[in-house]
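Proteins come first, then strands; the chains are lettered A, B, ... in the order of their sequence lines, and each starts at number 1.
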2 protein chains.
Amino acid sequence: MPFPSVDDQDPPGWQLPLLLFAGFRSLIDELHAHLATRGHPDVRPVYGFAMQAIGVHGASASEVGRRLGVSKQAAGKTIDRLDALGYVERVDDPRDARSKLVRLTPRGVDCLQQSAEIFERLRADWVAQLGADRVRVVESSLRTVVPSGIFPVDVPGWFG
Amino acid sequence: MPFPSVDDQDPPGWQLPLLLFAGFRSLIDELHAHLATRGHPDVRPVYGFAMQAIGVHGASASEVGRRLGVSKQAAGKTIDRLDALGYVERVDDPRDARSKLVRLTPRGVDCLQQSAEIFERLRADWVAQLGADRVRVVESSLRTVVPSGIFPVDVPGWFG
DNA sequence: TAGTATCGACAACCACGTTGTCTAAACCGT
DNA sequence: ACGGTTTAGACAACGTGGTTGTCGATACTA
């Protein structure tokens, strides 16, 4: 018996990443479906992560890049699109003439607040389907197993 | 009490997608770290999904696109790169002069076999950390909650 | 004060996705 | 058997997100 810890009844190992991704994707898709009906039809998943990285207090483009785990140039491009969509604005940083502070507009703040509410509802949907204990097991298991700390969100570049 | 199903002890809803993604990402990263030490250093995550879609029997580019949930043009481009890397080859389809059959080379088959073995080991690592029952709960919970059937893998385009 | 580090901007490039157009071949109903 | 429709794959143009490299201006520091 070469693999004593693997039960024959268990699914093959390659299903695990697929299931995790499918769960992630379905949550994000549902988020954006709801967001679209609440005045935010053109927000892409990346934009949500970027706004989260900007935060309510604002941040510089370089800082956003650091938080997202991407280069400052990549962060700058995303901020450009967020700016064009009216979700952020750039203002001069009074404490550093090189830097510009990226701040969420009221529209950006609204998007973030709505996202938080929608995620709360989506988690509640999972609880309704699985029971509170199973959802907690999923969460705590993942917390145990993922390397803590890091959180790079350069999904397109990382994956492809 | 507006949210009777939500316990105050529960984590905020936005953590769930982040944890799922972190789990997915850590598995994929570990897969490619192992793959790199076994003769496949330049395989990107997308390539693995594409080779999986091609399968051991081969498939046309259009069929690969359908299985992956992307356009035939996008599938064709990915196959180009796989071809350049020596993981697949295109041969004329004897039964359809329009079509070319994309087949895995021995190198491609090897990559797929190694991936399956590595995923098995990674799942065994999770079992060692969490116990077999918790891993099964994670898997069955996700199976319950994700919409079945569909599986689009157009990650970069979808996310960004 | 001089040297170094960082900011943001710009350019060039790559990867992955899209839509649209085109030719050739297969399929199907008359 | 033929003619219209569908499908395969190639090619082009483009959008978006990532990269590196360069640059001038500003801040930090020895």
Student: Please step through side-chain contact (heavy atoms from CB on, under 4.5 Å) for the pair B:Arg123 and A:Gln15, ending with a clear verdict.
Tutor: CA-CA 9 Å; B:Arg123 206 196 102 109; A:Gln15 287 198 5; over 6 Å; no
Student: Salt bridge or not for A:Glu63 and A:Arg67, using N-O below 4.0 Å?
Tutor: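 Here A:Glu63 pairs with A:Arg67 in a salt bridge, since their nearest N and O are under 4.0 Å apart.
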Student: Is there a residue in residues 53-61 of chain A whose heavy atoms reach under 4.0 Å of DNA chain D, and which residues are they?
Tutor: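 Nucleic-acid contacts, sorted: none.
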Student: Which side chain to side chain donor-acceptor pair (under 3.5 Å) pairs, counting each pair once, include a residue from residues 73-84 of chain A, with sequence neighbours left out?
Tutor: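 Found A:Asp80-A:Arg90.
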Student: May I ask you to decide if A:Gly86's main-chain N or O and A:Thr105's side chain share a donor-acceptor pair within less than 3.5 Å?
Tutor: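 It does hold such a pair.
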Student: Quick check on DNA chain D: between A:Trp158 and B:Ser62, whose nearest nucleotide comes earlier from the 5' end?
Tutor: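 Closest to the 5' end, via its nearest nucleotide, is B:Ser62.
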Student: Testing the basics here: between B:Ile54 and B:Val102, what is the closest heavy-atom pair and its distance to 0.1 Å?
Tutor: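 Residues B:Ile54 and B:Val102, closest heavy atoms: CG2-O, 3.5 Å.
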Student: In terms of relative ring orientation, are B:Phe24 and A:Phe21 parallel, tilted or perpendicular, with 30° and 60° separating the classes?
Tutor: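 Judged by the thresholds at 30° and 60°, the geometry between B:Phe24 and A:Phe21 is tilted.
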Student: Consider side-chain contact (heavy atoms from CB on, under 4.5 Å). Of B:Ile28, B:Leu20, B:Leu19, B:Val146, which one does A:Leu20 pass it with?
Tutor: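 Among the candidates, only B:Leu20 passes.
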Student: Apply side-chain contact (heavy atoms from CB on, under 4.5 Å) to B:Asp92 and B:Lys100, showing your working.
Tutor: CA-CA 5 Å; B:Asp92 288 329; B:Lys100 285 180 182 166; 3.8 Å; yes
Student: Please test B:Val155 against B:Val46 for side-chain contact (heavy atoms from CB on, under 4.5 Å), starting from the C-alpha separation and ending with a verdict.
Tutor: CA-CA 8 Å; B:Val155 179; B:Val46 209; over 6 Å; no
Student: Consider the side chain of B:Arg66, meaning its heavy atoms from C-beta on, and name the nucleotide among D:dG17, D:dT7, D:dG9 that approaches it most closely.
Tutor: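 Within the option list, the nearest is D:dT7.
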Student: Tell me which pairs pass side chain to side chain donor-acceptor pair (under 3.5 Å) where either residue lies in residues 35-55 of chain B, with sequence neighbours left out.
Tutor: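 Those involving residues 35-55 of chain B are B:Arg38-B:Gln114, B:His40-B:Tyr87, B:His40-B:Asp110.
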Student: Can you check nucleotides 26-30 of chain D for protein contacts, nitrogen or oxygen pairs under 3.5 Å, and list what you find?
Tutor:
{"unit_1": "D:dT26", "atom_1": "O2", "unit_2": "A:Arg98", "atom_2": "NH1", "d": "3.4"}
{"unit_1": "D:dA27", "atom_1": "OP1", "unit_2": "A:Ala97", "atom_2": "N", "d": "3.0"}

Student: Contacts to DNA chain D from residues 71-85 of chain A, heavy-atom cutoff under 4.0 Å, which residues?
Tutor: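 Per residue number, the list reads A:Ser71, A:Gln73, A:Ala74, A:Lys77, A:Thr78, A:Arg81.
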Student: When the aromatic ring centroids of A:Phe49 and B:Phe159 are compared, is their separation below 6.0 Å?
Tutor: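 Yes, the ring centres sit under 6.0 Å apart.
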Student: For B:Arg90 and D:dA8, give me the distance from atom CZ to atom C1', rounded to whole Å.
Tutor: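 In whole Å, D:dA8 C1' lies 12 Å from B:Arg90 CZ.
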Student: Which value, rounded to the nearest 0.5 Å, describes the distance between B:Leu31 atom CG and B:Leu122 atom CG?
Tutor: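 One gets 7.0 Å once the value is rounded to the nearest 0.5 Å.
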Student: Would the number of heavy atoms belonging to other residues, nucleotides or ligands and lying under 6.0 Å from CZ of B:Arg103 be above 12?
Tutor: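 Not more than 12 within 6.0 Å, no.
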Student: Does anyone know the first and last nucleotide of DNA chain C in reach of chain B, 5' to 3', at under 4.0 angstrom to a heavy atom?
Tutor: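 Answer, 5' to 3': C:dA15 to C:dA26.
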